[in-house]
Amino acid sequence: EDQVTQSPEALRLQEGESSSLNCSYTVSGLRGLFWYRQDPGKGPEFLFTLYSAGEEKEKERLKATLTKKESFLHITAPKPEDSATYLCAVQAILTGGGNKLTFGTGTQLKVEL
Amino acid sequence: SAVISQKPSRDICQRGTSLTIQCQVDSQVTMMFWYRQQPGQSLTLIATANQGSEATYESGFVIDKFPISRPNLTFSTLTVSNMSPEDSSIYLCSGKYGTGGLDTQYFGPGTRLTVL
């Protein structure tokens, strides 16, 4: 069974204090790993897709990296508007295709002035 | 990204009743899905909504409890039947473009359901 574990559950940072969020996964053949941002009362907003170990993607203050067992979401010099819950999800390679995303429970990030 | 809307945005319902949630996507979306996000838990796929045929349900979810329709490419409904307080959750519609396995899924704003 595919599993995704995110840590820490919650993280409080001062503005400008860089940090990383972790997403550990076990899957029977990784097709893709996805990062989403979710603000309170809203649906998840897509950030990145990573396909293979060693891949990196960046968007503004966020950089996502991928190894064979985990992914990191690095946040550089965060601002209060980066406060949100960050979700990681994996999609497995399945015979006949498959669209199921298996999500972690997320990291709730709060960035304070 | 996909344009996905849901209604209602929230509702409070009595035990034993049913609620139908609507999802509208833009015409570029080819596949639609329904997820549940229970308090403190991860998003869980309920089913894939298939146009003009029965939905494909994930383990632990059954059609009698969560009937789903998709009468055309851009519209789907999820009904939560005979509700109990355990059904209190956020229900999310998602869609993706294309038919490739790796196409990104985009999510609607969600429907927050409280069952008393």
Side-chain angles (χ1 to χ4, degrees), chain A residues 1-10 23-52 55 57 59 64 66 84-108, chain B residues 1-11 21 23-25 29-50 55-61 89-114:
Chain A
E1 184 178 336
D2 304 334
Q3 284 193 315
V4 177
T5 302
Q6 291 188 247
S7 62
E9 290 184 10
C23 171
S24 298
Y25 63 90
T26 55
V27 63
S28 54
L30 179 70
R31 173 171 273 166
L33 184 141
F34 301 81
W35 282 98
Y36 289 86
R37 168 190 170 129
Q38 187 172 27
D39 293 296
K42 296 188 177 182
E45 174 190 346
F46 170 72
L47 293 174
F48 304 109
T49 306
L50 301 167
Y51 302 98
S52 58
E55 188 175 4
K57 288 194 176 174
K59 180 180 179 180
L66 181 65
T85 297
Y86 290 86
L87 302 172
C88 173
V90 296
Q91 187 174 7
I93 296 171
L94 296 173
T95 302
N99 299 285
K100 178 181 178 179
L101 294 179
T102 300
F103 280 85
T105 53
T107 293
Q108 190 172 356
Chain B
S1 63
V3 177
I4 302 177
S5 61
Q6 284 183 238
K7 58 180 180 180
S9 58
R10 58 177 62 229
D11 208 339
I21 302 167
C23 177
Q24 182 77 48
V25 300
V29 170
T30 56
M31 299 191 72
M32 296 179 70
F33 310 91
W34 288 97
Y35 285 80
R36 181 173 73 180
Q37 187 174 28
Q38 292 181 300
Q41 298 188 30
S42 58
L43 275 81
T44 302
L45 180 63
I46 298 172
T48 301
N50 298 311
T56 304
Y57 290 84
E58 295 297 312
S59 175
F61 297 96
S89 185
I90 299 172
Y91 292 86
L92 293 148
C93 173
S94 79
K96 71 170 193 176
Y97 300 108
T99 55
L102 248 178
D103 301 306
T104 299
Q105 289 186 31
Y106 297 91
F107 287 84
T111 296
R112 183 179 294 271
L113 170 62
T114 301

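Chain A is the first sequence line, chain B the second, and so forth, proteins listed ahead of strands; every chain is numbered from 1. None of the values given here were measured: they were computed from a predicted structure.
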Tell me if the CD atom of A:Q3 is crowded by more than 12 foreign heavy atoms within 6.0 Å.
no
Residue pair B:Y35 / A:L101, side-chain heavy-atom distance below 4.5 Å:
yes
Do other residues, nucleotides or ligands put more than 12 heavy atoms under 6.0 Å from A:Q108 CD?
no
Taking every non-hydrogen pair under 4.5 Å, which of B:R112, B:Q41, B:Q105 racks up the most with chain A?
B:Q105
Can you name the nearest heavy-atom pair linking B:S42 to A:G104, along with the distance?
CB-O, 3.2 Å
Is the closest side-chain heavy-atom distance between B:L92 and A:P44 below 4.5 Å?
yes
For B:Q37, is it the side chain, the backbone, both, or neither that has a heavy atom closer than 4.5 Å to a heavy atom of chain A?
side chain
Should we say atom CD of A:E9 is surrounded by more than 12 heavy atoms from elsewhere, each under 6.0 Å from it?
no
Rounded to the nearest 0.5 Å, the CD atom of A:E45 sits from the CZ atom of B:F107 at a distance of 12.5 Å
Given a strict heavy-atom distance threshold of 4.5 Å, which part of A:Q38 is in contact with chain B: side chain, backbone, both, or neither?
side chain
